[in-house]
There are 2 protein chains.
Amino acid sequence: MKISTKGRYALRLMLDLALRDSGEPIRLKDVAHRQGISEKYLEQIISVLNKAGYVRSVRGPQGGYVLARAAEEYTAGMILRLTEGSLAPVDCVEAGKGVCDRECGCATQILWKKIDEAISSVVDHVTLEDLVAWQMERTDDYVI
Amino acid sequence: MKISTKGRYALRLMLDLALRDSGEPIRLKDVAHRQGISEKYLEQIISVLNKAGYVRSVRGPQGGYVLARAAEEYTAGMILRLTEGSLAPVDCVEAGKGVCDRECGCATQILWKKIDEAISSVVDHVTLEDLVAWQMERTDDYVI
DNA sequence: GATAATCCCTACAAATTCAATCGGAAATCT
DNA sequence: AGATTTCCGATTGAATTTGTAGGGATTATC
């Protein structure tokens, strides 16, 4: 019941981009250094965000990444679901998946549904802009 | 971000015991058959519940397991935390663990905390008795 | 007391997932 | 041309999950 590094790093990556959003591309290498995350690993993660159109990439020198939209247009749920796959606590309450093979009709499903809704109600209402605000409350400089 | 089979099976196991709670011990073999779970694997799981005093065991023929307390005295959170270890979405918001090495001071922690609280507010308020009631609404017989 | 049923314990193993690492190709600025 | 940066796919080591396997201890019943 843990969020993997993929989701956590993706969120920190997007937060990093949002904090330094000036229109100029931000090099992944810099993000990696600031966040203490392997550059190569971050590549894989931002590749997913890029394909989803969450960031825009600029190749070559002076290149890097820029947020595709304003920070308030991203929810934590969007970012986490994209990178984690799903935030549902069990398979059988996931959107696409219909019934579960055996647990169907099982009362525990009601619990899983409630947990799923509780998680969603948080992540779907916290935006990247909220994270930016929280970060700026905590530290004056942007060293995360 | 999934609850493992250990937690899910533990909950179904406890629900099964609660639904058939008559004072007589219930054989693990029967639970395993009803739930379609390997008997040997269930042994490992109930061993944890037994050591925690959540169930009482009776050895020998006509033996089995009985709930140690009334169903309303167990929350889903108790059972899941015992078998899953922790329901916190990331290590750094767990109770015992102090700071996280690097993400400390990071705004994402606030999000993780909110998710953790949302999950807890569900699992700490749903009791085994609730699950029993939900199950009886769904099916007249107790075949889960 | 013998037998059979049941819980109890520990070790092992297959499969999957996680968390990267590695090596290079393609694009682009100067 | 050369340096910089993103892009892409393969591989890998470790950890975790999800069980299996085999036997030991206890006890009700005959």
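First the proteins, then the strands, lettered A, B, ... as listed; each starts at 1.
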Using atom names, set out every protein N or O paired with an N or O of nucleotides 8-11 of chain D below 3.5 Å, distance rounded to 0.1 Å.
| from | atom 1 | to | atom 2 | distance (Å) |
| --- | --- | --- | --- | --- |
| dC8(D) | N4 | Glu43(A) | OE1 | 3.0 |

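- The side chain of Asn50(A) places an N or O atom within less than 4.0 Å of a non-bridging phosphate oxygen (OP1 or OP2) of dC7(D).
- Within 4.0 Å (heavy atoms only), Leu28(B) reaches sugar-phosphate atoms of the nucleic acid but no base atom.
- Using modelled atom types and a 3.5 Å distance limit, the side chains of Ser4(B) and Tyr9(B) yield no donor-acceptor pair.
- If you measure from atom CG of Asp30(A) to atom P of dT4(D), you get 13 Å, rounded to the nearest angstrom.
- Map Ile26(A) and Met1(A) each onto its nearest nucleotide of DNA chain D; the residue landing nearer the 5' end is Ile26(A).
- Between the CD1 atom of Ile37(B) and the P atom of dT18(D) there is a distance of 12 Å, rounded to whole Å.
- Note on Ser38(B): a side-chain N or O is less than 4.0 Å away from OP1 or OP2 of dT20(D).
- Both tests do not hold together for Arg56(A) against Tyr65(A): distance to the six-membered ring centre under 6.0 Å, angle to the ring axis within 45°.
- Rounded to whole Å, atom P of dG19(D) lies 10 Å from atom CG of Leu42(B).
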Check against salt bridge (charged side-chain N to carboxylate O under 4.0 Å, His left out), Asp30(B) and Arg27(B):
CA-CA 5 Å; Asp30(B) 292 339; Arg27(B) 287 188 303 174; 3.2 Å; yes

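- Salt bridge annotation for Lys2(A)-Glu94(B): present, with a cationic side-chain nitrogen under 4.0 angstrom from a carboxylate oxygen.
- Between Thr127(B) and Glu73(B), every side-chain heavy-atom pair lies at or beyond the 4.5 Å cut-off.
- In terms of position along DNA chain C, the nucleotide closest to Glu39(A) lies nearer the 5' end than the nucleotide closest to the other residue of the pair Gln62(A) and Glu39(A).
- No side-chain N or O of Arg81(A) forms a donor-acceptor pair with one of Thr75(A) less than 3.5 Å apart.
- The separation between Glu24(B) atom CD and dA5(C) atom P is 19 Å, rounded to whole Å.
- For the OP1/OP2 pair of dA20(C) and a distance below 4.0 Å, the side-chain nitrogens and oxygens of Tyr9(A) include at least one atom meeting the criterion.
- For the OP1/OP2 pair of dC8(C) and a distance below 4.0 Å, the side-chain nitrogens and oxygens of Tyr65(B) include at least one atom meeting the criterion.
- Looking at Arg59(B), its side chain comes within 3.5 Å of the base of dA25(D) through a donor and an acceptor atom.
- Look at CD1 on Ile46(A): it is 18 Å from P on dA19(C), rounded to the nearest Å.
- At least one side-chain nitrogen or oxygen of Arg27(A) sits closer than 4.0 Å to the OP1 or OP2 atom of dT5(D).
- Looking at Asp16(B) and Arg12(B), no side-chain N of the basic residue comes within less than 4.0 Å of a carboxylate O on the acidic one, giving no salt bridge.
- Here Ser57(B) reaches the OP1 or OP2 of dC8(C): one of its side-chain N or O atoms lies under 4.0 Å away.
- With rounding to the nearest 0.5 Å, the separation of CD1 in Ile115(B) from CD1 in Ile115(A) is 13.0 Å.
- Rounding to whole angstrom units, NE2 of residue His33(B) and P of dA5(C) are separated by 14 Å.
- Atom P of nucleotide dT16(C) and atom CG of Asp91(A) are separated by 14 Å, given to the nearest angstrom.
- For Val58(A) and Tyr41(A), each mapped to the nucleotide of DNA chain C holding its nearest heavy atom, the one lying further toward the 5' end belongs to Tyr41(A).
- Rounded to an integer number of Å, the gap from Ile45(A) CD1 to dA20(C) C1' is 10 Å.
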